[in-house]
Each structure stands twice: as structure tokens, then as C-alpha cells.
Amino acid sequence: MRISKSFIPTLKEVPADAVIPSHILMLRSGMIRMLSAGIYSFLPLGYKVIKKISEIINEEMTAIGGQEFHLPALNPREIWDETGRIEDFGDTMFHLKNRDYVLAPTHEEVMTFHAKGAMKSYKDMPQIWYQIQTKFRNEARPRSGIIRGRQFLMKDAYSFDSSWEGLDESYTKHYQAYQNIFDRCGIKYFVVGASSGAMGGSKSEEFMVKSDAGEDTVAYCNSCGYAANVEVAQSVVEPNERSSESKEVYEISTPNIHSIDELCEFLKIDERETAKSRVYIFDEKPILVLMSGNDEVNGTKLESILGGEVRPAHPEELVEITGAEAGSIGPIGFKERILADNRLKDGNNLYSGANKTDYHIGGIDLKRDVEKIEYFDLRTIESGEECARCGEPLDVFKAIELGHIFKLGTKYSEAMGATFLNENGKANPIIMGSYGIGVDRVLACFIEQNYDEKGILWKGPLKPFDIQLLGLNMKKEIVINESNEVYELLKSEGYDVLFDDRRDAQAGFKFNDAELIGIPLQVIIGEKNVKEGLIEIKNRITGERLIIGKHLLLDQLKEIG
RNA sequence: CGGGGCGUAGCGUAGUCCGGUUAGCGCGCCUGCUUUGGGAGCAGGAGGUCGCAGGUUCGAAUCCUGCCGCCCCGACCA
């Protein structure tokens, strides 16, 4: 493709609104442009890569028996009412104003709708159906360029099985297909156990990419490979030691002390001698959650223990419930349910709030003084804690979710009445799985993992072109002729070539553009070399230059690769 | 949704606190000449509802009010 006839609007300067590398580079290299917050257009160069990713996904899905669909983004509200997910999604779902339609954020409902009545017999299954299409979510805060948008390209697959063993098989197939897909794309990733959240179902795993731009936090053990979203991650934390003697409970005046750090500073004590209180509302009733020191409550763990959603109590509610403001709340005298983290188990001589603003209580013995107390693993784990599997220190870092596979079970088939007849002629709900990949995130993640100060470093099958051909002075007849000739030659050999044939651009300008776009191989036609029958090949990644006789060009390119 | 920042030409920005020429600069764009292996030089030129609306004032990019948009942190996130 000739650049002079293409639309590849590169930018020399960094757009003010872009912050993370992939966003900056996609804008600068002319792959995307923003239309509105979280809504991006793919320009030809960007879309070309998207299609390459899609093609890899298609091949791997076909390999496990997947069949591609094209589904409506516009959905009647009823099918979402059937599964109750209008409420689950809440404000995250887009609703149309002038007709009772929603914009689909995912496609369990539509796929189940089609499976219903079509999968009549156990003989009709297994099936794997998938699509690669735009999804819509009314994200409260889009961010990080393409990584979190209000509309995004997602591949989602659904498996339909007549038995739980069949689901296991479909799940395993997808797991393997996903590994193939990400490996082929050249993405460095890892797999974590995850919470299935509002999707429902039992087992789920996420394919993650380590990145500061990520929105998930994961724990990873470099030693044994244990990996889990911090929502569910566990570590070994021994309960605090119990002193041999319990002091009496006593009240302390602690004016303007609101945090554990302030309390420790004020009383000259260690944070492990304190019990932090958090009040949550579950099922319209308050629950006190006690944590050791500054340990953070893990909301996901709390919700799975309680079996439902919780929310933190508002400041006004705190006063109403406990009689004290935040910072002075504690277990002594708290009349509702009390949960405590395992680390506090049977602790004594603890300091906590007095349920009286600006007062704390010391000498608390949880065993003696707090009758109804239930202990659970409620902590959010931290970097450096011991791996629950092998005991080595865990690494905790941010990551981007690229893929997510779920064993859905019968949540959707039951809700929508999608049943089949089994061997005994009995109607059973179809057993489903759901498997997603953020296609445009694959692009962003690849760039996050492959760039330098000059631009993108493409390699492998995602590269938008094989070779960038630079004609350095396209006003000189000799360079024009030579580069046109080389262009035709490379094309005829099957290379996909981006030909910088711009007449007015300076050499340095072309070099910088080529490095920004980042095609792995550059073939450079300069006047001096042409006159000596020479041609230059440059490796974008290593910067290595080779000047060779023109007749050796094809051999040399084959050798490189 | 809470907190913070920003909005001036296609891009990046100065000016805004403290109101007062014709809103300035760099890049890009157009014309011509020169240059041609690391983001060219000279000359000439085009391009602005200063986010929108209202208000204060003799006078508003600048002050006030409301709204909209974008970015960052947080909350939320199948």
C-alpha cells in the first residue's frame, strides 16, 4: 500500500488526553480516533490489526467446533427481563429512549433464545456458538483509551451441553483454544481463578495481562504459579498471638483520632493491637466487620460469606446504628451481627472504637467481651504475604482482563425455559458455558507489551504489514524507479508492503514515521545506495542495518524471516 | 456518582490571577524557490463562534451564574 494514497494520519506530538502507552501510540500511529468518551473509531491501520486478531480467533474457534453467528446488538427488553439481568446490569446497560430496546452488553440471552427450541434433544448437543461483535456498556468512567470503552469489540462464545461432563469438556476446549489464541497473538498472559460476579455459574477463570493500566488486581506466586484475582485470593496469615493475661476493658479519650494510624501514633501501640471496624448494610440490617489494624475488607469475600450484596453504611447511618461517628466504632456494645477476620481470632488486649465519638476502648478480649462473633477469611491480601499453596511470597499487581471463561450451568436456560429431552425423555435445562475475549483489548495489550520510546514494535502475526519500504528522496528519478521496482517485486513475492512513497517528506520524517508505526522490517531505498546497486534492510526492533546487493534482497528477507 | 484538573485554529500550547490594540507561538496545511539518509530553509498565505448559554461592564478569552465536554484519582465494573 502506498502511503501517499492511504489514510494513516500519524501525529508527531502526544495528544493531551492520552496517558497510557497503548492509547498514545494508537492515536499517534493513526490506528484510532476518539469520537466521544470511551467511543473510538478504528482507522484503516487499526482495523487491519483487529481483523488479524479476529482471524486468529476464528481459526482457533473453528478448530474446537465453534460456529460463528452474527447477532443483533439491539435487543428487546423482554429477554433481559426473563433472566433478571436488566436489574443486575442497572445503569451499566444502555436503554433506548423511543422504544423498549436495550443495547446488548453481552449475549447470553440472545444465544439462549436461539438455543431454546432448537436444542430439543440431547442428540443435538454439544454445540459451540460464537460471535465477534460490538458490545455496549454505559461505563460510568471510560478510561485508558480502548481498554475501557462504552462500546468495544468482544468475541463471545457459548457452549450448550446435555451433561455436566460435557460442560467440563467444552470448558477445557475453550481453555486450550484461548491459550492458542493468546500465544499466537504474542501476548504474555497468565490465568487466574476468578469470581464469577453477575454472570452466575460455578467455575470461572480469567486470562490476564500484567499492566499498570489494569483495573483488576491479582495475586501471583512466581514459585508455584498460583494466581488469583484479589477478590478471591488467599494467603497464609497466622492469627495474632493471644497474650497470656487479659486486661480489664477501659475507656480512653481520643479526641480527633479517626484512623488506625492516628490511634497507633496517639497510644504508641502497634496496629496489630487494634481492631478496625467497618459497618456494612446487608439485607437492610447493619453488620460490623472487624479487621486487624489496617487490613482491608475484601468485599467479594464478604458477599460470598453472606450470600448477597452488601454496601457500606453511610455516615449518617453510622451514627444512628452505633451512636458514634466513623473512627470511633467498635464491637463493645454493638448489638447487631459481628464478623471478624481470622487474623483477630480470639485476640485480647485489643484497642477499638467505643461507639462514642472521640473515645476508644482498650483491653478488649474478643473471646470474653464479644459473645456473638463469627470468624472468616475477610482480608484483602497484600504483596509479600505467603502463598497459600507453597508458602513463597506472593506478588500482587494490576492486570488487564483479556479473556474470561465461565461454567454458567443452567442459570440462563432455566430462566428462559431452554430445555431438552434426555435419554429418558425427561426435560432438563441446557447446561451452558460462556467464554469472552476483549478483541480490541488484545490490540491494546499487545502494544502495552511491545513498544519503545520511538513507537510500536510489531512482531508475529498481528503486524499490520510485513515490510515498510522507504523511498528516501522521491523527487529523484533514480529513487522513484528503484523503489517502485522493489515495491512490485516484494508484492509479487507475497509480502504485504507499506510503501512510503511520499514525494515531499524528508528522510528523517519518514524514518520517524516508520519507527512510530513499527513494522518489523524496513527496506530503505536511498540515492547513494541505488547508484551502487545496494539496498538497505533495517530491523525495527534491534535497529540493526544490513546493506546488501540488490540481487540478494529476497534471499536476505527470507533468511530474516 | 464523589474529588481534582482542563476546554483558545487539525495537533500541542501562551494569554485568564490583575478586563482594555488586530488573541500570540510551535507543528501541520496552501503557493513559489531551494534542500534531500534522521521530524529542512527562505518568502508569501489560509485557517479562531477563545466549549455553550446567560449576566456584570463603556469594553469580556479574562469577572459572575448555569450547562456541556474531555482527562486523572476514587466508587462501580459481565
Side-chain angles (χ1 to χ4, degrees), chain A residues 9-20 23-24 27-28 30 33-39 80 83 85-93 104-109 135-145 147-150 152 154 156 158 194-201 204 206 213-217 229 231 299-300 309 311-312 314-315 400-401 403-406 408 411-412 434-438 454-455 470-476 478-480 500 502-516 522 524-530 534 536 538 543 545 547:
Chain A
T10 56
L11 300 173
K12 190 148 69 176
E13 286 171 289
V14 177
D17 287 341
V19 174
I20 67 165
H23 189 197
I24 292 170
L27 286 167
R28 286 194 55 212
R33 284 292 182 266
M34 185 177 84
L35 177 64
S36 176
I39 304 176
W80 292 86
T83 59
R85 288 216 294 176
I86 289 273
E87 281 185 19
D88 289 350
F89 273 101
D91 198 45
T92 304
M93 184 175 253
T106 173
H107 276 82
E108 279 76 13
E109 278 76 1
K135 314 279 160 157
F136 301 86
R137 290 190 196 173
N138 184 25
E139 294 291 351
R141 175 152 97 87
R143 67 184 86 175
S144 304
I147 288 173
R148 177 164 217 187
R150 293 213 168 104
F152 51 95
M154 182 157 122
D156 51 335
Y158 304 89
S195 132
S196 17
M199 291 291 292
S204 104
E206 291 172 320
E215 310 174 53
D216 290 272
T217 308
N229 197 307
E231 287 177 352
T300 308
E309 280 184 27
R311 63 167 177 85
H314 307 308
I400 298 167
E401 179 188 343
H404 203 158
I405 55 179
F406 296 87
L408 289 180
K411 173 175 166 149
Y412 298 93
S434 148
Y435 318 88
I437 292 178
K454 291 174 177 167
L470 312 190
L472 289 193
N473 183 349
M474 293 299 280
K475 283 176 186 165
K476 287 277 173 23
I478 183 170
V479 177
I480 297 171
D500 195 340
R502 287 174 292 185
R503 194 163 177 274
D504 295 319
Q506 304 286 300
F509 188 90
K510 291 188 175 185
F511 283 132
N512 283 308
D513 249 13
E515 272 141 12
L516 173 61
Q522 295 170 12
I524 301 160
I525 312 294
E527 188 182 0
K528 209 191 276 175
N529 283 334
V530 173
L534 297 172
E536 178 177 338
K538 184 173 162 192
R545 294 155 184 267
I547 296 177

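Labels below follow one simple rule: chain letters A, B, ... track the order of the sequence lines, proteins then strands, and each chain is numbered from 1. Owing to the predicted nature of the structure, the values given are computational and were not obtained by experimental measurement.
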All heavy atoms of V479(A) vs all of N473(A), minimum pair found to be CB-O, 3.4 Å
Taking for K528(A) and for R141(A) the nucleotide of RNA chain B with the nearest heavy atom, the one nearer the 5' end belongs to K528(A)
The correct list of stems in which RNA chain B takes part (3 or more consecutive Watson-Crick or G-U pairs, distances under 3.5 Å) is B:1-7 with B:68-74, B:10-13 with B:24-27, B:29-34 with B:40-45, B:51-55 with B:63-67
Checking rC72(B), rC70(B), rC77(B) against the side chain of E215(A) (C-beta onward), the nearest is rC77(B)
Between A140(A) and R150(A) the two heavy atoms that sit nearest each other are O-NH2, 3.7 Å
In whole Å, what separates the C1' atom of rU62(B) from that of rG55(B)? 15 Å
Nearest heavy-atom contact between A18(A) and I24(A) is CB-CG1, 3.5 Å
note: R148(A), atom CZ; rG74(B), atom C1'; distance rounded to Å ~ 12 Å
Rounded to whole Å, CG of L27(A) lies from P of rC70(B) at a distance of 15 Å
Contact class for M154(A) (heavy atom, under 4.0 Å): base, sugar-phosphate, or nothing?
base
From CD of E139(A) across to C1' of rC73(B) the rounded distance in Å is 17 Å
Closest of rG74(B), rG38(B), rC70(B) to the A37(A) side chain is rC70(B)
Exercise. Does E108(A) pair with K411(A) as a salt bridge, N-O distance under 4.0 Å?
Worked result: no
note: D216(A), atom CG; rC76(B), atom C1'; distance rounded to Å ~ 12 Å
Any N/O donor-acceptor pair, R502(A) side-chain to rG39(B) base, under 3.5 Å = no
Between N or O atoms, less than 3.5 Å apart, protein on one side and nucleotides 9-14 of chain B on the other: list the pairs.
| unit_1 | atom_1 | unit_2 | atom_2 | d |
| --- | --- | --- | --- | --- |
| rC11(B) | O2 | E13(A) | OE1 | 3.3 |
| rG12(B) | OP1 | A16(A) | N | 2.9 |

Taking for G526(A) and for P105(A) the nucleotide of RNA chain B with the nearest heavy atom, the one nearer the 5' end belongs to G526(A)
Inset, instruction - Determine the Euclidean distance between corresponding P atoms of rG37(B) and rC50(B); express it in Å to zero decimal places. - result: 45 Å
Is there a donor-acceptor contact under 3.5 Å linking the side chains of H404(A) and S204(A)? yes
Taking the C1' atom in each of rC6(B) and rA14(B), what is the distance between them to the nearest angstrom? 15 Å
E515(A) CD to rG38(B) P, in whole Å, measures 12 Å
Between the CG atom in N229(A) and the CD atom in E206(A), the distance rounded to the nearest 0.5 Å is 5.0 Å
Taken to the nearest whole Å, CE/M93(A) to P/rC77(B) is 16 Å
Query - Distance between P atoms of rA60(B) and rG54(B) (Å, rounded) - result: 13 Å
Next on the checklist: Rounding to an integer number of angstrom, what distance separates rA9(B) and rG51(B) when you compare their C1' atoms?
Outcome noted: 14 Å
Extract from the structure each pairing of a protein N or O with an N or O of nucleotides 33-36 of chain B at less than 3.5 Å, listing the distance.
| unit_1 | atom_1 | unit_2 | atom_2 | d |
| --- | --- | --- | --- | --- |
| rU35(B) | O4 | K475(A) | NZ | 2.8 |
| rU36(B) | O2' | N473(A) | ND2 | 2.8 |
| rU36(B) | N3 | N473(A) | OD1 | 3.4 |

#### Entry: K528(A)/E536(A) ion pair, N-O < 4.0 Å
no
query = Can you tell me how far C1' in rC71(B) sits from the matching atom in rG47(B), rounded to whole Å?
reply = 27 Å
- Query: Just wondering, do F511(A) and rG38(B) stack (centres under 5.5 Å, planes under 30°)?
  - Reply: yes
_P spacing across the pair rC64(B) / rC18(B), given as an integer number of angstrom_ = 9 Å
Whole-Å distance, N512(A) CG to rG39(B) C1', equals 5 Å
Has S36(A) got a side-chain N or O lying under 4.0 Å from the OP1 or OP2 atom of rC70(B)?
yes
Quiz item: Considering only the P atoms, how many Å lie between rG41(B) and rC67(B), rounded to the nearest integer?
Solution: 48 Å
In whole angstroms, the gap separating P of rC70(B) from CE of M34(A) amounts to 6 Å
